Amino acid sequence: MTSTIDTAALHDWISRLAVAVKEKREWLTELDSAIGDADHGANMARGMAAVVEKISSGAPETIDELLKGVGMTLVSSVGGASGPLYGTFFLRMGAAAGAVSTLDAAGLTAALRAGLDGIVARGKPEAGDKTMYDAMAPAVEALDSALAEGDDLGTALAAAADAAAAGRDATLPLVARKGRASYLGERSAGHLDPGAASTTFLFETLASAAQSAEG
Ligand code: ADP
Ligand code: MG
């Protein structure tokens with residue numbers, strides 16, 4: 001039964017996320033070539049490679065230090081819309097976590113929600129706009145309700161990852177109302193949103209990092 005997550009497990013999360021975006025780089029590029037400018041795979045791979053380099057040189061002890069480093073590196077190394085959005089997510093998440101080395105389930109949920117709020121403040125996405133928000137908001141909701149029902153953190157994070165994937169898949173028929181894809185209007189329908197796809201990796205790797213810390 002997992003009930004907390006520490007800096008080392010979150011460090012592992014970030015490393016796993018870097019591996020996932022590197023492995024799925026071509027797919028993210030393919031998705032972005034259909035409704036964007038074909039750079040989401042490159043943006044995420046470049047950003048996460050810079051993040052890994054940053055956090056491997058002197059492992060941060062506190063969660064805010066770790067996540068703020070991730071956020072600042074993404075903001076400065078990714079040119080596309082996703083850099084400032086994911087950067088803000090990690091900066092806000094770190095600030096909400098604070099100078100601690102362990103978070104309980106409620107603390108982790110509050111930090112993830114603060115990250116989501118940061119994306120909303122920055123990009124003004126609403127549900128159904130066909131963005132990363134459409135994967136992230138259901139994931140945070142699912143985490144919250146699984147914990148409220150008494151699930152342990154590992155199980156609740158797995159539910160959050162499933163909700164992210166369902167949210168990503170639900171972007172398929174949507175007409176984009178934010179970002180570059182919105183320029184296509186009706187022609188954006190029939191394609192998955194690239195940012196919703198990368199957000200799903202974010203929750204899948206968080207679930208697997210928590211599971212691995214438990215085992
Ligand atoms: P760019 O669009 O500048 O080429 P990327 O291709 O890296 O940047 O990222 C595109 C993704 O960013 C989209 O698939 C979408 O999920 C997300 N996105 C774009 N604009 C917004 C916004 N205003 N709010 C939330 N997410 C957004
Ligand atoms: Mg793009």
Side-chain angles (χ1 to χ4, degrees), residues 14 17-52 70-93 96 111-142 160-161 163-206:
I14 300 304
L17 179 58
V19 170
V21 300
K22 193 173 170 189
E23 282 177 1
K24 304 290 183 176
R25 178 188 168 136
E26 294 312 316
W27 183 55
L28 293 174
T29 294
E30 220 175 276
L31 295 178
D32 197 32
S33 69
I35 59 169
D37 56 354
D39 64 354
H40 192 57
N43 285 343
M44 294 305 294
R46 182 174 62 250
M48 290 309 297
V51 162
V52 165
V70 173
M72 285 187 304
T73 305
L74 288 177
V75 169
S76 62
S77 64
V78 180
S82 60
L85 290 165
Y86 279 127
T88 302
F89 170 82
F90 284 108
L91 287 168
R92 295 279 188 103
M93 185 182 175
L112 287 166
R113 193 174 283 287
L116 172 65
D117 290 346
I119 288 181
V120 171
R122 183 115 204 180
K124 309 277 184 289
E126 290 176 22
D129 280 353
K130 198 182 181 97
T131 70
M132 56 177 67
Y133 178 90
D134 290 323
M136 194 178 290
V140 174
E141 280 312 311
R168 171 200 64 205
D169 293 345
T171 65
L172 188 81
L174 298 176
V175 172
R177 288 190 297 244
K178 288 281 171 356
R180 214 176 269 282
S182 66
Y183 309 157
L184 289 179
E186 299 288 330
R187 281 181 292 137
S188 63
H191 304 279
L192 292 178
D193 177 62
S198 55
T199 287
T200 302
F201 298 145
L202 191 144
F203 283 91
E204 287 173 346
T205 54
L206 181 55

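Every heavy atom of this structure was used, including side-chain atoms; hydrogens, water molecules and symmetry mates were not. Just so it is clear, the structure is predicted and the values come from calculations on it, not from any experiment. As the structure lists them, so they are numbered: ligands from 1, and atoms in each ligand from 1.
- Residue contact check: Asp32 has heavy atoms under 4.0 Å from atoms 6 (O) of ligand 1.
- Looking at heavy atoms from C-beta onward, Glu141 lies in side-chain contact with Arg113 at the 4.5 angstrom threshold.
- Comparing His40, Met132, Met44 against atom 9 (O) of ligand 1, the shortest heavy-atom distance belongs to His40.
- Near Asp37, with a cut-off below 4.0 Å to any heavy atom, the atoms of ligand 1 are 4 (O).
- Taking each heavy atom of Ala135 and Ala196 in turn, the nearest pair found is CB-O, 3.6 Å.
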*Run the side-chain contact (heavy atoms from CB on, under 4.5 Å) check on Phe201 and Val19 step by step: do they pass?*
CA-CA 10 Å; Phe201 298 145; Val19 170; over 6 Å; no
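- For Arg92 against Ala121, the heavy-atom pair with the smallest separation is NH2-CB, 3.8 Å.
- Our summary of the site lists the angle at the Mg ion (ligand 2) between OD1 of Asp39 and OD1 of Asp37 as 80°, to the nearest 10 degrees.
- With Leu174 as the fixed residue, the side-chain contact (heavy atoms from CB on, under 4.5 Å) test singles out one of Asp134, Leu192, Asp129: Asp134.
- Considering backbone and side-chain atoms together, Leu85 places no N or O closer than 3.5 Å to any N or O of ligand 1.
- Looking only at protein heavy atoms, the nearest one to atom 7 (O) of ligand 1 is Ser82 OG, 2.6 Å.
- When each of Thr29, Val21, Leu74, Leu17 is tested with Met44 by the rule side-chain contact (heavy atoms from CB on, under 4.5 Å), just one qualifies, namely Val21.
- Residue-to-ligand polar distances keep Lys124 apart from ligand 1: every N/O pair is separated by 3.5 Å or more.
- Between the CG atom in Leu31 and the OG atom in Ser198 there is a gap of 9.5 Å [rounded to 0.5 Å].
- Distance from atom 22 (C) of ligand 1 to its nearest protein heavy atom, with residue and atom name: Gly123 O, 3.7 Å.
- Those atoms of ligand 1 with a heavy atom of Gly179 less than 4.0 angstrom away are 19 (C), 20 (N).
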*Going through the checks in order, is the side-chain contact (heavy atoms from CB on, under 4.5 Å) test met by Met93 and Leu112?*
CA-CA 6 Å; Met93 185 182 175; Leu112 287 166; 3.6 Å; yes
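- Taking CZ from Phe89 and CE from Met136, the interatomic distance works out to 4.5 Å, rounded to the nearest 0.5 Å.
- Using a 4.0 angstrom heavy-atom cutoff, Gly36 does not count as in contact with ligand 1.
- Proximity to Asp39 (heavy-atom distance under 4.0 Å) selects the following atoms of ligand 1: 4 (O), 5 (P), 6 (O).
- Here the protein heavy atom with the shortest distance to atom 8 (O) of ligand 1 is Ala81 N, 3.2 Å.
- Counting only non-hydrogen atoms, the option in Asp134, Val78, Thr131, Thr171 that gets closest to atom 25 (C) of ligand 1 is Thr131.
- Remark: ligand 1 atoms within the under-4.0 Å shell around heavy atoms of Pro125 are 24 (N), 25 (C).
- Closest heavy-atom contact between Arg46 and Gly79: NH2-N, 3.8 Å.
- In terms of protein heavy-atom proximity, atom 2 (O) of ligand 1 is nearest to Arg180 NE, 3.6 Å.
- The line from OG1 of Thr200 to CG of Leu202 is 9.0 Å long, rounded to the nearest 0.5 Å.
- Summary: OD2 is the N/O/S atom of Asp32 found nearest to the Mg ion (ligand 2).
- Applying the 4.0 Å criterion to heavy atoms of Gly80 picks out, from ligand 1, the atoms 3 (O), 8 (O).
- Nearest to atom 14 (O) of ligand 1 by heavy atom, out of Asp129, Leu192, Asp193, Leu31, is Asp193.
- Using a 4.0 Å cut-off between heavy atoms, Thr199 makes no contact with ligand 1 at all.
- Residues Thr199 and Tyr86 bring a donor and an acceptor atom of their side chains to less than 3.5 Å of each other.
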